[in-house]
Amino acid sequence: QVQLVESGGGLVQAGGSLRLSCAASGRSFSISSVGMGWFRQAPGKEREFVAVIRWSGGSTDYADSVKGRFTISRDNAKNTVYLQMNSLKPEDTAVYYCAAGIDIPTQTADYWGQGMQVTVSS
């Protein structure tokens with residue numbers, strides 16, 4: 001079984017920064033062998049894709065709403081994925097979920113973290 005443990009969420013003022021971490025564990029599981037990424041869900045809204053880092057070549061992709069502000073990266077040695085979030089806006093407020101084995105077209109993943117709150121105050 002794969003476990004994804006998120007950390008780094010919290011409260012920040014608009015314009016500030018946060019770095020989310022997602023530590024993966026599980027028998028023979030490596031973040032370099034699957035697409036890893038982040039989704040978020042704001043109150044009253046559906047869950048939406050935020051960012052992905054692909055297993056092959058480490059290419060990245062972002063939702064239009066976060067391009068230029070968020071950066072996804074990974075440390076294979078630590079089996080950890082990061083989401084650096086800069087220039088945060090109140091509309092970034094949501095529960096953020098780490099995911100492994102992402103399929104962007106269907107907005108699904110094989111494994112999910114428990115989610116953590118990010119709140120951006122105006």
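Small disclaimer: the values here were computed from a predicted structure and weren't measured. Here, residue 1 is the first one in the sequence, and each next residue gets the next number.
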Can you sort out the partners of Arg54 under salt bridge (charged side-chain N to carboxylate O under 4.0 Å, His left out), two or more places apart, ordered by chain and number?
Asp61

Among residues two or more places apart or on two chains, list those pairs meeting ring-ring contact (aromatic ring centres under 6.0 Å, His included) that have a residue in residues 4-32.
none

Interatomic distance, Thr108 atom OG1 to Arg47 atom CZ [nearest 0.5 angstrom]
8.5 Å

For a quick test of reading the model, state the closest non-hydrogen atom pair linking Thr93 to Val120 and the distance between them.
OG1-N, 2.9 Å

Restricting to side-chain contact (heavy atoms from CB on, under 4.5 Å), what partner residues turn up for Leu11, sequence neighbours left out?
Thr119, Ser121

If you measure from OG on Ser7 to CE on Met116, what distance do you get to the nearest 0.5 Å?
6.0 Å

Nearest atoms (heavy-atom pairs only) where Thr60 meets Ile72:
CG2-CG2, 3.6 Å

Which other residues end up in the same hydrophobic cluster as Tyr82, if Ile, Leu, Val, Met, Phe, Trp and Tyr are linked when side-chain heavy atoms come under 4.5 Å apart?
none

Kindly indicate whether the side chain of Leu88, heavy atoms from C-beta on, has any atom under 4.5 Å from the side chain of Leu18.
yes

Out of curiosity, Arg19 CZ to Asn86 CG, how far, rounded to the nearest 0.5 Å?
11.5 Å

Testing the basics here: between Phe70 and Val50, what is the closest heavy-atom pair and its distance to 0.1 Å?
CD2-CG1, 3.8 Å

Please name all residues satisfying side chain to side chain donor-acceptor pair (under 3.5 Å) with Lys67, sequence neighbours left out, ordered by chain then number.
Asp64

Stepwise side-chain contact (heavy atoms from CB on, under 4.5 Å) check, Met85 with Val118:
CA-CA 10 Å; Met85 305 188 296; Val118 171; 4.1 Å; yes

Residues at least two apart in sequence or cross-chain that pass salt bridge (charged side-chain N to carboxylate O under 4.0 Å, His left out) with Asp103, listed by chain then number, are none

Could you name each residue pair satisfying disulfide (SG to SG under 2.5 Å) that touches residues 25-60, not counting sequence neighbours?
none

Do Tyr111 and Gln1 come close enough that some side-chain heavy atom pair is under 4.5 Å?
yes

Measuring from atom CD of Gln84 to atom CZ of Arg69, what distance do you get when rounded to the nearest 0.5 angstrom?
12.0 Å

Does Gln3 CD have over 12 foreign heavy atoms under 6.0 Å away?
no

Can you measure from CD (Glu91) to OG (Ser122) and round to the nearest 0.5 angstrom?
10.0 Å

Nearest heavy-atom approach of Val66 to Tyr62 is CG2-CB, 4.0 Å

Co-members of Phe39 in a cluster of I, L, V, M, F, W and Y side chains, linked at under 4.5 Å
Phe49, Val52, Val95, Tyr97, Ile102, Ile104, Trp112

Tell me which pairs pass disulfide (SG to SG under 2.5 Å) where either residue lies in residues 91-122, with sequence neighbours left out.
Cys22-Cys98

Given side chains that start at C-beta, do those of Asn76 and Ile31 come closer than 4.5 Å, heavy atoms only?
yes

Quick one: which residue pairs count as a side-chain hydrogen bond (donor to acceptor under 3.5 Å, both in side chains) with a foot in residues 20-34, not counting sequence neighbours?
Ser30-Ser32

Name all residues meeting the salt bridge (charged side-chain N to carboxylate O under 4.0 Å, His left out) criterion together with Glu48; count only those two or more places apart in sequence or in a different chain, and write none if there are none.
Arg40

Check whether any side-chain N or O of Glu6 sits under 3.5 Å from a backbone N or O of Gln114 as a donor-acceptor pair, and report yes or no.
yes

Check salt bridge (charged side-chain N to carboxylate O under 4.0 Å, His left out) between Arg74 and all other residues, then give those that pass, not counting sequence neighbours.
none

Between Ala109 and Ala99, the two heavy atoms sitting closest are CB-CB, 3.6 Å

Would you check, one step at a time, whether the test side-chain hydrogen bond (donor to acceptor under 3.5 Å, both in side chains) holds for Thr80 with Asp75?
CA-CA 5 Å; Thr80 299; Asp75 185 331; over 6 Å; no

Minimum-distance pair of heavy atoms, taken over all atoms of Lys45 and Gln41
O-NE2, 3.1 Å

